[in-house]
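If you're wondering where the values come from, they're calculated on a predicted model, not measured in any experiment. We use all heavy atoms of the structure for the numbers below, so side chains are in, but hydrogens, waters and symmetry mates are not. Both ligands and their constituent atoms are indexed starting at 1 by order of listing. Positions are given from 1 along the sequence.
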Amino acid sequence: MNLELGEERTAVRQLAKDFVDREISPHVVEWDRAEDVDRGIVQKLGALGFLGLTIEEEYGGCGGDHLSYCLVTEELGRGDSSVRGIVSVSLGLVSKTIAAYGTEDQKLHWLPRLTAGEALGCFGLTEPGTGSDAGSLTTRAVRDGGDWVINGSKMFITNGTWADVVLLFARTDDAPGHKGVSAFLVPTDTPGLTRRTIHGKLGLRGQATAELVLEDVRVPESALLGPEGKGFSIAMSALAKGRMSVAAGCVGIAQAALDAAVGYAKEREQFGRSIAHYQLVQELLSDIAVDVDAARLLTWRVADLIDRGQDFATAASKAKLFASEAAVRAANNALQVFGGYGYIDEYPVGKLLRDARVMTLYEGTSQIQKLIIGRALTGVSAF
Ligand SMILES: Cc1cc2nc3c(=O)[nH]c(=O)nc-3n(C[C@H](O)[C@H](O)[C@H](O)COP(=O)(O)OP(=O)(O)OC[C@H]3O[C@@H](n4cnc5c(N)ncnc54)[C@H](O)[C@@H]3O)c2cc1C
């Protein structure tokens, strides 16, 4: 893999960097305290093409490779993980899945609006009773004439109250486990679908996380995405690529922690000189720096594998596992460098730690990533 980014990717990265510094960083504390990112950010992300990366131009996308997607995601993660999550879910989990499995009509109906930021998508897999064991989900879709009627509920859905469409996974027959699951594209204004915002999150406070309840939600046959009964494998292939974008967001968190900690260490004086002089402080900084580099290289490898059409799922689990744990370590080390000031939300590192903490939980917990890696090593599945 050539680690030279080249002119085009460097320009994309700079565009994202400037956007973050201008449109996100000045508002981060306010959005975090208000538990509400400015909704206008979605159109701005769309206008720059950040919601259309890797999607073909004929569907409103702006093409680009997965390394460019990682660079943008990393920058957004450096700025605010709540904003990064909007892109990772709407583009990474929803638009890319429509592009991969949708009919021509589904692509033409949804992708131009999703990539422009005129519409937003959410991904409805987790339920109150099924998280890691997603294949046991109980939301049910039953045929009724030419329609499907869906009943059930979904938990912790990112973009949930903002989204215009939910990529919803529901059981369509009684085959055991994941075998009877199908995927649907359900407009969120369909009668019978209600949404409740989940408040009180430790981090990602600006993000619209919701519980969705579906009571006799009726959608036409054309809402089915991909073949009936193949929903679970569609969800797993979406999440495998999704793990790369979570990992890239974690690199952004760790980089933000490093930038903040180095800056503070050079400014803060104790015992008559800056704390940067003290080797125990330098140890904290160097631990963060190594985590940043290692997480970034693991993440870029996934992008390279995808762009070359190689198997990438295990590499994505390794990157997500390492980068998410590294982001927590990096933010925690940075907080230590800040001393007591790190504990106050006027300084950035406390939020980085709170935001990082969920990264080891969603899109497959660290334990689930280890089981995926273990399965690849041994050929024996723990699931
Ligand atoms: C802020 C936020 C946003 C989210 N966004 C979305 C979204 O947009 N869409 C969506 O569908 N979901 C979303 N999720 C849900 C997320 O993916 C789940 O929380 C996650 O998969 C874990 O499921 P759970 O919370 O039910 O934990 P559980 O599955 O109950 O796990 C609890 C603990 O048991 C461990 N465990 C479980 N099974 C095993 C096993 N076999 N071996 C070893 N350990 C095991 C886990 O690692 C964990 O430590 C979000 C969650 C959060 C918190």
Determine whether the side chains of [X] and [Y] contain a donor N or O and an acceptor N or O closer than 3.5 Å.
X	Y	value
Tyr59	Glu104	yes
Asp259	Gln255	yes
Tyr101	Ser237	yes
Asp65	Ser68	yes

Looking at [atom], tell me if a protein heavy atom falls under 4.0 Å from it.
atom	answer
atom 30 (O) of ligand 1	no
atom 33 (C) of ligand 1	no
atom 2 (C) of ligand 1	yes

Quick check: does any side chain N or O of [X] sit under 3.5 Å from a backbone N or O of [Y], one acting as donor and the other as acceptor?
X	Y	answer
Arg171	Gly177	yes
Ser90	Val87	no
Lys320	Met359	yes

Among protein heavy atoms, which sits nearest to [atom], and what does the distance come to when rounded to 0.1 Å?
atom	result
atom 8 (O) of ligand 1	Thr158 N, 3.0 Å
atom 15 (C) of ligand 1	Thr126 OG1, 3.2 Å
atom 40 (C) of ligand 1	Leu371 CD1, 3.9 Å
atom 20 (C) of ligand 1	Leu361 O, 3.4 Å
atom 25 (O) of ligand 1	Phe156 CE1, 4.2 Å
atom 9 (N) of ligand 1	Phe123 O, 2.8 Å
atom 26 (O) of ligand 1	Gly131 CA, 3.2 Å
atom 43 (C) of ligand 1	Gln367 CB, 4.1 Å

Hey, which atoms in ligand 1 end up nearer than 4.0 Å to a heavy atom of Leu125? 11 (O)
Select the closest option to atom 36 (N) of ligand 1 among Pro128, Ser366, Ser132, Ser82, judged by heavy-atom distance. Ser132
Considering the options Asp32, Asp345, Asp80, which one meets the salt bridge (Lys or Arg N to Asp or Glu O under 4.0 Å) requirement together with Lys351? Asp80
Any nitrogen or oxygen of Asp133, side chain or backbone, less than 3.5 Å from one on ligand 1? no
Polar atom proximity, Thr365 to ligand 1 (N or O, under 3.5 Å): yes
What part of Val358 sits under 4.0 Å from ligand 1 if we count only heavy atoms: the side chain, the backbone, both or neither? side chain
Side chain, backbone, both or neither: which part of Glu363 has a heavy atom under 4.0 Å from ligand 1? backbone
Could you state the interatomic distance from NZ (Lys266) to CD1 (Ile275), rounded to the nearest 0.5 Å? 12.5 Å
Which of parallel (below 30°), tilted (30 to 60°) and perpendicular (above 60°) describes Tyr69 and His66? perpendicular
In terms of the angle between their ring planes, are Tyr264 and Phe338 parallel, tilted or perpendicular, with boundaries placed at 30° and 60°? parallel
